[in-house]
There are 2 protein chains.
Amino acid sequence: MTPLDDTRSRMDGLGSEAGICMACGSRSVGLCAPLDATALGDMARATERIHLAPREPLFRQGEPATHVYTLTDGTARLTRVLADGRQAAIGFRFPGDILGFTPGAEHAFGAETLTEATVCRLERKRLDALFRRHPVLERRFLELCARELAATQDHVLALGRFTAEERCAAFLISLAEAQERRGHTGPVFRLHATRADIGEFLGLTLETVSRTFSAFRKRGLIRLHGQSAVELTDRESLVALASGEGGA
Amino acid sequence: MTPLDDTRSRMDGLGSEAGICMACGSRSVGLCAPLDATALGDMARATERIHLAPREPLFRQGEPATHVYTLTDGTARLTRVLADGRQAAIGFRFPGDILGFTPGAEHAFGAETLTEATVCRLERKRLDALFRRHPVLERRFLELCARELAATQDHVLALGRFTAEERCAAFLISLAEAQERRGHTGPVFRLHATRADIGEFLGLTLETVSRTFSAFRKRGLIRLHGQSAVELTDRESLVALASGEGGA
DNA sequence: CGAAAGCTTGACACCGATCAAGTCAGGTGG
DNA sequence: CCACCTGACTTGATCGGTGTCAAGCTTTCG
């Protein structure tokens, strides 16, 4: 009776899987599809590749949004800061995701790399010009924004209603799904985020994340390979936990 | 040094103050501004006024998004449901706000009235037609969506990092600001939401909301007038609490 | 006036934060 | 190649904030 779309990954925040190329050499899919060769050429020429070290900021909250970025390689996280200095991670981003697009003049949140990363950046005014010539592009970004909104709303639910265990399980499942959408196979996933990063995203302390992962390990739900790789050994149970079915 | 935009109301979720008329007779501001008289006329004719009782659903999560609504009178709340039945309020809406717009085919969340309410509803396909003729409208909705996203992200921060007291204070301040943007004057505000509604929005139980309001009352920050009206007697302190400055 | 719904308050339990040691892994320099 | 050093992680003990359960009270409305 409850009208749900169970297929949408809950508590996503793990990338909008836009499948957008933004003219980074490859004209593949998504955003660029409606563009003709000339426009694509223009765009590719206006585009600039940048390499970043781990933990390097791409842009900060409040800065003028002069560029739009596509993450082509590596992992990044988005953070939002409060007046009193507290901050939270609001999402993670993976290759193919767009970063820093906003209709406003300033970035509403900051982005920084977790790993070494490569981004492809385009001047905002070039994008605006493209919008004018291809209004359909704007629709694309609207869809992207709406999907993002739905994911953020799910995250609100998770933070408001989930226990630490449920949040951690949901995080692991989301992470796995995000990587699988990008072609990853097998049960072992790299986290790239520290326990502190994960805690900041889930509204928990790093100790609680660590304890919860340990509990999962003892129950045979996961195995840890070094510090930054997880193997999901009992994905069923994790999914059950993540959707609040309490079992294990 | 921290780049913040303190002016944006945090934890908004209390209406996107779109200032949009959607042709409900009045052609006032916002959305309709770029429209010529003919288009406005078309739209007004396609529009339908609906009256709703308190606690009546406007649409449910998962239903086909056949219409877009403007709330012209009353208060509504938006809720998102999880597979296991848990649900959370993700926002409240006030007169002037748009409800139920999504680029997708189905509603990502449900909406229901809290009070008696009037909405003005427009068929989705009419809106799409309007988009085609006036691409600038799409930009308008993109901005709306982005603002919504920023508000939801702030709510994520609030749920992840705020204590019960801070959340309640932030809620009261946001409520007051939302009503003031709509012309309300004076320190007394009507809630229209029960303690349970507020708790569902803030990720708290109704008992905790009640206790916190009582504590505010005892500290002289608020006065309660009946069950559904609050007077903010020490707004300064509430603002301080809401921004995490811990004082009272 | 009576009933129902909503609110308040209390007692208690429990989850997760905090504080505090340790341990482990990975990188650097000897 | 090993020793060390540092940052990240784990684990334990304790505390406090919220949830839960349970009365009772107040407001609202028929």
Side-chain angles (χ1 to χ4, degrees), chain A residues 53-55 75 77 86-89 114-116 158-172 190-219 222-230 241 244 246 248, chain B residues 53-55 75 77 86-89 114-116 158-172 190-219 222-230 241 244 246 248:
Chain A
R55 301 281 161 184
T75 309
R77 68 166 191 164
R86 278 181 292 195
Q87 74 171 48
L114 292 180
T115 62
E116 282 203 24
L159 294 187
R161 293 269 170 283
F162 280 15
T163 64
E165 206 167 68
E166 290 167 335
R167 290 183 220 181
C168 287
F171 171 77
L172 290 172
R190 299 201 64 87
L191 289 172
H192 296 136
T194 65
R195 303 287 185 266
D197 290 326
I198 298 169
E200 253 178 46
F201 177 62
L202 298 178
L204 301 169
T205 60
L206 67 95
E207 291 96 330
T208 300
V209 174
S210 176
R211 266 187 258 273
T212 308
F213 281 9
S214 292
F216 285 171
R217 183 165 42 74
K218 282 169 194 155
R219 279 197 269 163
I222 64 173
R223 284 175 59 193
L224 298 170
H225 299 268
Q227 289 189 346
S228 76
V230 219
L241 270 176
Chain B
R55 301 280 160 186
T75 309
R77 67 166 191 166
R86 277 181 293 195
Q87 74 172 46
L114 291 180
T115 62
E116 283 204 23
L159 294 187
R161 293 269 172 284
F162 279 14
T163 63
E165 206 166 71
E166 290 167 336
R167 289 182 220 181
C168 288
F171 171 77
L172 290 172
R190 298 200 65 87
L191 289 172
H192 295 137
T194 66
R195 303 287 186 265
D197 291 325
I198 298 169
E200 254 179 44
F201 177 62
L202 299 179
L204 300 169
T205 59
L206 69 93
E207 291 94 332
T208 300
V209 174
S210 177
R211 267 188 258 273
T212 307
F213 280 9
S214 293
F216 285 171
R217 183 166 41 75
K218 282 170 194 157
R219 280 197 269 163
I222 64 174
R223 284 175 59 191
L224 298 171
H225 298 267
Q227 286 186 167
S228 76
V230 220
L241 270 176

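In what follows, every heavy atom counts, from backbone to side chain, and hydrogens, waters and symmetry copies are set aside. Keep in mind the model is a prediction, meaning the values are calculated, not measured. Protein chains get the first letters and strands the later ones, always in sequence-line order, with residue 1 at the start of each.
In this structure, the nucleotide among C/dT9, C/dA17, D/dT11 sitting nearest to the side chain of A/T208 is C/dA17. Distance from the side chain of B/L224 is smallest to C/dT8 among D/dT11, C/dT8, D/dT20. Among C/dC7, D/dT20, C/dT9, the nucleotide with an atom closest to any side-chain atom of B/T194 is C/dC7.
For the pair B/S210 (side chain) and B/L206 (backbone), a donor-acceptor distance under 3.5 Å is absent. A donor-acceptor pair is defined here as one N or O able to donate and one able to accept, closer than 3.5 Å; no such pair exists between the side chain of A/R190 and the backbone of A/S228.
Between B/R167 and B/A158, the shortest heavy-atom contact is NE-O, 3.7 Å.
Atom P of nucleotide C/dC15 and atom CZ of A/R161 are separated by 17 Å, given to the nearest angstrom. Remark: C1' of C/dG6 and CG of B/D197 are 11 Å apart, rounded to the nearest angstrom. If you measure from atom CD1 of A/I198 to atom P of D/dA8, you get 13 Å, rounded to the nearest angstrom. One atom, CD1 of B/I222, and another, P of C/dT8, lie 9 Å apart when rounded to the nearest Å. Atom CD of A/E207 is separated from atom P of D/dT10 by 11 Å (rounded to the nearest Å). Between the P atom of C/dG16 and the CZ atom of A/F162 lies a distance of 13 Å, rounded to the nearest Å. To the nearest angstrom, P of C/dT23 lies 19 Å from CZ of A/R195. Distance CD (B/E200) to P (D/dG19): 13 Å, rounded to an integer number of Å.
Here B/S214 lies in heavy-atom contact (under 4.0 Å) with sugar-phosphate atoms only. Within the 4.0 angstrom heavy-atom criterion, only backbone atoms of the sugar-phosphate kind lie near B/G203; the bases stay farther away. B/L206 comes within 4.0 angstrom of a base, heavy atoms only.
In this structure, CG on A/L202 lies 12.0 Å from CZ on A/R195, to the nearest 0.5 angstrom. Rounded to the nearest 0.5 angstrom, B/F213 CZ and B/L224 CG are separated by 7.5 Å. One distance of note links CG of B/L241 with SG of B/C168; it measures 10.0 Å at 0.5 Å rounding. Expressed to the nearest 0.5 Å, how far CD of A/E166 lies from OG1 of A/T212 amounts to 11.0 Å.
Contact of the B/L191 side chain with the B/F171 side chain is registered, since non-hydrogen atoms from C-beta on lie closer than 4.5 Å. Residues B/L114 and B/R55 form a side-chain contact, since some pair of their non-hydrogen atoms from C-beta on lies under 4.5 Å apart. Side chains of A/F216 and A/L172 form a contact here, defined as non-hydrogen atoms less than 4.5 Å apart.
The shortest distance between the side-chain N/O atoms of A/R55 and the OP1/OP2 oxygens of D/dA8 is not below 4.0 Å.
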Give me, pair by pair, the N or O atoms of the protein and of nucleotides 25-27 of chain D that are less than 3.5 Å apart, along with how far apart they are.
none

N/O-N/O pairs, protein side and nucleotides 13-17 of chain D side, under 3.5 Å:
unit_1: D/dA13; atom_1: N6; unit_2: A/R211; atom_2: NH2; d: 3.4

